[in-house]
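On a predicted model such as this, the values are computed, not experimentally measured, just so you know. The residues of the chain are indexed from 1 along the displayed sequence.
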Amino acid sequence: MPFEQNEDRAKRYLETYKELDDIFGEWAVKGEDIRDYLIPWRGVFEGDTPNYGDRKGLNIIDPAASQALKNYSAGIQAGLSSPARPWFKFRITNPAARESASGKQWSPAVEEAMYAVFQTTNFYASTHIVYEEEGGFGTGCLIVDEDPDTGLPVFKVQTYGTYRMSKNEKGIVDTHYSKIEMTARQIKEKFPNSIPNDVEGATDNQYFSVLRIIEPNAEYDPNKIDNKSMLFTSAYMMYEAEIILSVSGFRENPIAAPTLYENAANVYGYGLGEEYLGHIKELQQDSKMMMKANQKMIDPPLLAPSGIKGELKNINIPGVVITSNNLIADDNIKPVALIKPDLSEMRQRIGLIHQQLHTGFFNHLFQTLDHPDEKTAFEVSLLKEEKRLLVGPMIERQMKQLLQPVLERCFHMLSRNGIIPPPPEDLEGVGAEFEFVSTLAQAQRAIGAQGLFEYLGFVAQVAQFNPNAADKVNTDETIDLYADMKSVPPGAVHSDDVVEEIRKKRAEQQAALQQQAQEQQGLNQAEQISNMDTENLESIEGAVSG
């Protein structure tokens, strides 16, 4: 049956998209420039033909900047959300509940389930693309959909230029409009109950523009569970025909739109592509000039007598030949001029730009430090952490704007579908949060651990003069803090109730040993008395009575 149409809703969707599209205008011009010089495999802009393999990177002669971007995105992926090592922990916020036996069992179970889901879905491939688009364009976008058949998350990367967004008053992106190109076959398969007439009669591979809308639901009703009453609206509409194909919803915000550098007044961010676009264009220009210089050296223009003009086509001479009436037929063909440019200076300038791009795209943070054999392993570790702190603000934004929303959305989705184990009865209603434990996240926390070491070292020095200084150290809390900073697995640290039980048993054992020692001492004294010489005892008594 056809989908019920709402002309007012369709008109509002179209008007909102056009408003957001006007705002994006200048960003699109800039983004297309970045795409053409840095990241030709990403980005879709007005006039691009879908599924058409035309080459976009014709301006790229020297790919050093593109390679630097690839290294950057790979380094961020490995350092922040690596598929090869743990990068987050599920942490119960209440200390007592967290340290309880139930808490220490439930948290790892949640983590195990979520890591398994991320490994079996397209999560890691999607986040890598997001990091790459952020580095190039300044903004990335990931939509977390839900597979209706499996209940698992489906991660859909939105490439730059295809979406338009806006933020709420908290600065969170909550509105996402994207114009996507879908074939008639795709529309028929996705919306079997609302196929427009022009799609019905089209060939399978004919493209149509479809508008996808994600925005806060004005009709949200927490007491209802139907799709149209959810927190966020999800709708599809034929763009030209203004025919709504479907309206459903999300229980959580499905949009994760991180920025590399940002201005709070803007929805979209600034990336390394924009920051170094001048260097990148200069690199291409210098590379083009060097190519021309090499070509002129190897294949210079030639000067030949005009009398042999008709014979030149029979001579296999590559390049340009200039004829002159001032030369006689017997003169040799010779170069117009011997060109010997100073290529060393050009190579030096290109090498300098390479180095600037290498540093500017933070490649040095993700590669082995120079001459590691001249430093101890500890010094190398400190230098790596120190350099990684340079990208601290960017890392914080990735965790806050990308990974945190995705983890929270997936947690609720997987909990609803029974993929994550429910909390034990004694933990129902307790708060929980995700803590990041990747190498870059730990580098951010290394300052705290260093401060803890300095504090303990200072107390140890003071204790040499006054042993009572050690009383100021809360050793149990210090150990827990250090374990958190270093992301020590929960099973390696005893909970407070287990520690209390251990200490109670130790105290009981010590008391029992002390009691045994006292009893043994009494028995020894009694035995000594019983073995004393009776005559000596009588003489002692006589002496006392006399």
When you compare the side chain of [Y] with that of [X], does any pair of heavy atoms fall below 4.5 Å?
X      : Y      : value
Lys89  : Ser107 : no
Tyr220 : Leu231 : yes
Leu69  : Ile39  : yes
Arg416 : Glu146 : yes
Pro254 : Arg409 : yes
His128 : Ser73  : yes
Lys70  : Glu132 : yes
Val117 : Phe123 : no

Any carboxylate oxygen within less than 4.0 angstrom of a Lys/Arg side-chain nitrogen, looking at [X] and [Y]?
X      : Y      : result
Glu242 : Arg9   : no
Arg91  : Glu111 : no
Glu7   : Lys11  : no
Asp145 : Arg212 : yes
Arg503 : Glu508 : no

So, the side chain of [X] versus the backbone of [Y]: is there a donor-acceptor pair under 3.5 Å, distance only?
X      : Y      : result
Ser438 : Gly79  : yes
Thr259 : Gly269 : no
Arg397 : Leu402 : no

Heavy-atom closest contact ([X] atom, [Y] atom, distance):
X      : Y      : result
Leu427 : Ala97  : CD2-CB, 3.7 Å
Pro196 : Met238 : CG-CG, 3.7 Å
Val199 : Lys188 : O-CE, 3.3 Å
Pro424 : Ser102 : CG-CB, 4.0 Å
Ile419 : Gly151 : CD1-O, 4.0 Å
Leu260 : Tyr270 : CB-O, 3.6 Å

If you measure from [atom1] on [X] to [atom2] on [Y], what distance do you get to the nearest 0.5 Å?
X      : Y      : atom1 : atom2 : result
Asn217 : Asn227 : CG    : CG    : 10.5 Å
Gln77  : Tyr124 : CD    : OH    : 8.0 Å
Gln158 : Ile255 : CD    : CD1   : 9.5 Å
Thr159 : Ile180 : OG1   : CD1   : 13.5 Å
Thr183 : Arg185 : OG1   : CZ    : 7.0 Å
Ser126 : Lys156 : OG    : NZ    : 11.0 Å

Apply side-chain contact (heavy atoms from CB on, under 4.5 Å) to residues Leu20 and Met165 and explain how you reach the verdict. CA-CA 7 Å; Leu20 297 176; Met165 305 185 300; over 6 Å; no
Under 3.5 Å, is there a donor on one side chain and an acceptor on the other for [X] and [Y]?
X      : Y      : result
Asp174 : Asn253 : no
Thr139 : Glu133 : no
Gln514 : Gln510 : no
Glu219 : Ser229 : no
Glu215 : Tyr177 : yes

Check whether more than 12 heavy atoms from other residues, nucleotides or ligands sit under 6.0 Å from atom [atom1] of [X], and answer yes or no.
X      : atom1 : answer
Arg12  : CZ    : yes
Leu513 : CG    : yes
Glu501 : CD    : yes

Evaluate the ring planes of [X] and [Y], with Trp represented by its six-membered ring, and classify them as parallel (under 30°), tilted (30 to 60°) or perpendicular (over 60°).
X      : Y     : result
Tyr160 : Phe45 : perpendicular
Phe362 : Tyr72 : tilted
Tyr268 : Trp27 : tilted

Measuring centre to centre across the rings, with the benzene-like ring taken for any Trp, is [X] within less than 6.0 Å of [Y]?
X      : Y      : value
Phe250 : Phe232 : no
Phe24  : Tyr163 : no
Tyr239 : Tyr17  : yes
Phe88  : Phe436 : no

Taking it one step at a time, do Leu80 and Trp87 satisfy side-chain contact (heavy atoms from CB on, under 4.5 Å)? CA-CA 7 Å; Leu80 199 56; Trp87 54 274; over 6 Å; no
Go through the steps to decide whether Ser81 and Tyr131 satisfy the test side chain to side chain donor-acceptor pair (under 3.5 Å), and finish with yes or no. CA-CA 11 Å; Ser81 55; Tyr131 295 138; 2.9 Å; yes
For Val430 and Thr93: C-alpha separation, side-chain torsions, deciding distance, then whether side-chain contact (heavy atoms from CB on, under 4.5 Å) applies. CA-CA 8 Å; Val430 300; Thr93 53; over 6 Å; no
Stepwise, does the side-chain contact (heavy atoms from CB on, under 4.5 Å) test hold for Phe90 with Glu433? CA-CA 6 Å; Phe90 182 71; Glu433 62 186 6; over 6 Å; no
So if I apply the side chain to side chain donor-acceptor pair (under 3.5 Å) rule between Gln401 and each of Glu262, Glu134, Glu396, which one comes out positive? Glu262
